[in-house]
Amino acid sequence: MRDIVVVGGGKIGGVIAQMLAETGDYAVTVIDRSAEALRAVANLAGVTPRVADITDAADLDAILAGAFAVLSAAPFHLTGKVAEAAARVGCHYLDLTEDVATTRKVKALAETAKGAFIPQCGLAPGFISIAGAELARGFDGVEELRLRVGALPRYPSNSLGYNLTWSTEGVINEYCEPCEALVEGELRELPALEGLETFSLDGVTYEAFNTSGGLGSLAEVLAGKARNLNYKSVRYPGHCALMRTLLNDLNLRARRDLLKDVLEGAVPGTEQDVVVFFVTASGWRGGRLMQESYAGRVIGEHHGRGFWSAIQVTTAAGICTVLDLLAQGRLPQQGYVRQEEIALSDFLANRFGRAYAQGEPVRTPTLAQVA
């Protein structure tokens, strides 16, 4: 049995802890500064809740000492402190961050770390990067690789067509920060909320637009190998225009705390969600221009006496799968490890990764670019 520390006892951290503890292979300590946040895991077998402030470096180091790995499900602006502690004590480090600056910090720490440092282990970045890299490997040269992911309410009932299914701070961050992409072979930073497109998937119309962080390290890996590469978040039509009004016209991108309060006070959360993902690659194979797509849909599931939403299942399954592969010695045991180093077949065959394979099948979507 390996000792694991999960930082953050919220919606995702709690599911991560339960997934790992139920295997009997991991003893899990969950830390959070809020005793209220830890109540959901307090009675789980194999899980030890502990109130702690991760900004207290000495206390965090003491908790991580002797652990096999620490998994950060903390807000993006705090997860860098967890990485620093992992580097100091010498344990493995995994996180879920989509924040580009935090990932750069993790990469720098990994240069001298004794353990493996594996950021971006969730849905996007994370699983979508693994799927994208897998499709890209099937071509002699990649012309275009498009990654699309959405965590959406199954029953939208407001003008945003959206419910808060995960971190509000994370959503705001990806709507504001620059978006990495490959454009005609060059690494570029594109503005968020631009590049709007619409598409139809199994009779449902969606829109997609640039958001930050979803590519992970894929742009760096495919630089010089792909002409065009981009990531966009999927929403119901009209969402992008309303968010542009809030962020640009009302200048709430400069007042993110206020925007967070507005959204959390007006937009309800929901467990009745659906995660939609698809990757479309086109390129040269054997002298012919070919296209290949990979798509899926995951909905929430009842688990024991509770219910796990689709975003909880997919995010937690992502990081638990990577931990499992690391514990089995199937990933490098030291230094910076990219998601693209993980084979899609290994991921889907894993006991946690099978959550993605159980998603509802969908047809290959058709894209229609709009100005």
Side-chain angles (χ1 to χ4, degrees), residues 2-17 19-21 26-35 37-38 41 47-123 125-126 166-167 169-170 173-174 213 216-217 315-316 318-324 326-327 331-339:
R2 299 181 184 273
D3 291 328
I4 305 297
V5 176
V6 175
V7 179
K11 294 180 180 178
I12 305 299
V15 174
I16 292 170
M19 279 186 176
L20 294 177
Y26 299 103
V28 184
T29 298
V30 182
I31 64 173
D32 199 293
R33 65 181 180 181
S34 168
L38 293 171
V41 300
V47 177
T48 302
R50 180 167 176 175
V51 176
D53 184 352
I54 64 173
T55 62
D56 185 333
D59 191 22
L60 184 57
D61 287 0
I63 294 171
L64 298 189
F68 174 74
V70 57
L71 280 57
S72 179
F76 73 91
H77 61 276
L78 292 175
T79 198
K81 296 184 180 297
V82 182
E84 291 172 344
R88 288 192 299 266
V89 305
C91 67
H92 299 303
Y93 168 86
L94 297 84
D95 72 34
L96 299 168
T97 191
E98 79 290 341
D99 184 60
V100 175
T102 299
T103 301
R104 289 171 180 164
K105 181 176 185 177
V106 170
K107 185 177 181 181
L109 289 168
E111 292 180 1
T112 56
K114 295 180 181 178
F117 271 47
I118 317 177
Q120 305 175 324
C121 297
L123 167 61
W166 65 292
S167 165
E169 292 174 321
N173 187 61
E174 69 177 21
S217 55
T315 305
I319 198 168
C320 289
T321 298
V322 178
L323 175 66
D324 240 10
L326 179 68
L331 293 177
Q333 301 293 298
Q334 186 176 12
Y336 185 67
V337 181
R338 295 179 174 87
Q339 295 298 310

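Keep in mind that this is a model prediction, so the values were computed, not measured.
In this structure, OG1 on T315 lies 6.5 Å from CG on L96, to the nearest 0.5 angstrom. Atom CD1 in I319 sits 10.0 Å away from atom CD1 in I12 (nearest 0.5 Å). Residue T102 holds its OG1 atom at 14.5 Å from NZ of K107, rounded to the nearest 0.5 Å. Separation of atoms CG (L331) and CZ (R338) is listed at 13.5 Å; rounding is to 0.5 Å. A distance of 9.0 Å separates CD1 in I118 from CG in L71, rounded to the nearest 0.5 Å.
The heavy-atom pair separating V30 from G9 by the smallest distance is CG1-CA, 3.8 Å. The nearest pair of heavy atoms linking A52 to D59 is CB-OD2, 3.8 Å. Heavy-atom minimum distance, Q339 versus C121: NE2-SG, 3.3 Å. Considering every non-hydrogen atom in both Q333 and L326, the closest pair reads NE2-O, 3.1 Å. In terms of heavy atoms, Q120 sits closest to T97 at CG-O, 3.3 Å. Residues A21 and V28 come closest through the heavy atom pair N-CG2, 4.1 Å.
Side-chain contact check for D53 and T55: at least one donor-acceptor pair (N or O, by modelled atom type) lies under 3.5 Å.
The side chain to side chain contact (heavy atoms under 4.5 Å, CB included) test with T29 singles out one residue from D3, V41, I4, T48, and that residue is T48.
The number of heavy-atom neighbours closer than 6.0 Å to CZ of R88, taken from other residues, nucleotides and ligands shown, is above 12.
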**Prompt:** side-chain contact (heavy atoms from CB on, under 4.5 Å) between N173 and E169: does it pass, once the steps are laid out?
**Reply:** CA-CA 6 Å; N173 187 61; E169 292 174 321; over 6 Å; no

**Request:** Check step by step if side-chain hydrogen bond (donor to acceptor under 3.5 Å, both in side chains) holds for D32 and S34.
**Result:** CA-CA 5 Å; D32 199 293; S34 168; 4.6 Å; no

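Counting only distance, with no hydrogens or angles, the side chain of T79 and the backbone of P75 share no donor-acceptor pair below 3.5 Å. No donor-acceptor pair closer than 3.5 Å links the side chain of E98 to the backbone N or O of P125.
Listed by first and then second residue, the ring-ring contact (aromatic ring centres under 6.0 Å, His included) pairs involving residues 66-111 are F68-H92, Y93-F117 (not counting sequence neighbours).
Side-chain contact between L78 and I54: present, with at least one pair of heavy atoms (C-beta onward) separated by less than 4.5 Å.
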